[in-house]
Amino acid sequence: MIRPRTPRREQLGEFLGARRRSASRTALGLPLSARRSDTGLSREEVAALAGVSGSWYTWLEQGRDINVSRQVLVAVSRVLGLTADETEYVLALAEQETRPSAPDRDTVPAHLQRLVDALGFPAFVVATDWAIAGWNAPYAWLYPRIAELDVADRNLLWLIYTDPELRDMLPDWARDSRRFLAEFRAEAGVRLGAPRHRALVDRLLASSPDFREQWSELEVSRFASRRRMFRHRKEGLLAFDHHRLVPSDAVDLHVVMYVPAAD
């Protein structure tokens, strides 16, 4: 019987295939030859090293809806040299859907907006597709265009790749954009097939060559607080500590905060 494909499993198969083709043979103790470089494994090699059948692993990469266990996926991830964040991404994609995801919000609850307004440094709120649902006055000072944008364009990922003003604010745009995109993919995970997420990705693929190039790299990385630099139009170079909080009563929203660096 031909096993059906599912969007989540196709997403998983695409990711595993890309990592298989970039895996190091030397790191796994596999032989090299005149016709075989150090980069890339066959499906049969991955299956053998992970202790699964070649047919099963082939179906997995093809996006077929087959039975998978956490133990086997961890073994495959180990063979492919995946990071902890990438392994978590793989496990999430392989899980069976047990309940529908909460709908994306377009507005911020009043009590959460009051919290953001009370902060004396730039802060804003994003939904699961990184739509900017709310912000405070210090963020509007840092990025004045936020208030004049159309709602359809008020999305952090969209602005990173399409707004020249925001690009100019980032001294190392190439590094920052890749980091943001890796975090978006890790966070979106199983939601990437949802209408709003799919529409955003399709729009960016059609509008930004930089996004097309970086999206094809399939990088995955969970968020971590870090130092961020911005080039302000009047104040010059500014340093912030970038943090993010998830409200316990609105877990589909994230509060992003730029706290002025102490030094």
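Atoms considered below: every heavy atom in the structure, side chains included; atoms not considered: hydrogens, waters and symmetry mates.
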### Task
Assess whether side-chain contact (heavy atoms from CB on, under 4.5 Å) is satisfied between I132 and L159, documenting all intermediate values.
CA-CA 10 Å; I132 300 175; L159 294 170; 4.2 Å; yes
### D210 and S177, any side-chain heavy atoms less than 4.5 Å apart
no
### Query
Do the side chains of V68 and R9 get nearer than 4.5 Å, heavy atoms only?
yes
Where does the angle between the aromatic ring planes of [X] and [Y] fall among parallel (under 30°), tilted (30 to 60°) and perpendicular (over 60°)?
X    : Y    : value
F211 : Y161 : perpendicular
Y139 : F124 : tilted
W215 : F184 : tilted

### Task
Kindly state whether the ring of W141 and the ring of F121 have centres lying under 6.0 angstrom apart.
no
### Query
Among M257, H243, R244, whose side chain to side chain contact (heavy atoms under 4.5 Å, CB included) with S225 holds?
H243
### Task
Only one of E183, Q214, E219 passes side chain to side chain contact (heavy atoms under 4.5 Å, CB included) with R178; say which it is.
Q214
Keeping the roles fixed (side chain from [X], backbone from [Y]), state whether a donor-acceptor pair exists under 3.5 Å.
X    : Y    : answer
D150 : A152 : no
R212 : L205 : yes
S208 : L204 : no
R8   : E95  : yes
R19  : L218 : yes
Q11  : G189 : yes
Q113 : W135 : yes
W173 : I160 : yes

### Task
Please assess V116 against V108 for the test side-chain contact (heavy atoms from CB on, under 4.5 Å), listing each intermediate value before the final yes or no.
CA-CA 10 Å; V116 173; V108 178; 5.8 Å; no
### Query
Can you name the ring-ring contact (aromatic ring centres under 6.0 Å, His included) partners of F15, sequence neighbours left out?
Y89
### Message
Does anything in residues 64-84 form a ring-ring contact (aromatic ring centres under 6.0 Å, His included)? List the pairs, not counting sequence neighbours.
### Response
none
### Query
In a check of salt bridge (Lys or Arg N to Asp or Glu O under 4.0 Å) between D241 and each of R227, R228, R226, which one passes?
R227
### Message
Looking at every non-hydrogen atom in both residues, tell me the closest pair between P109 and L253 and how far apart they are.
### Response
CD-CD1, 3.7 Å
### Query
Stepwise, does the side-chain contact (heavy atoms from CB on, under 4.5 Å) test hold for V52 with L60?
CA-CA 11 Å; V52 299; L60 185 63; over 6 Å; no
### Message
The test is side chain to side chain donor-acceptor pair (under 3.5 Å); show your working for T162 and W158 and say whether it passes.
### Response
CA-CA 6 Å; T162 64; W158 171 258; 3.3 Å; yes
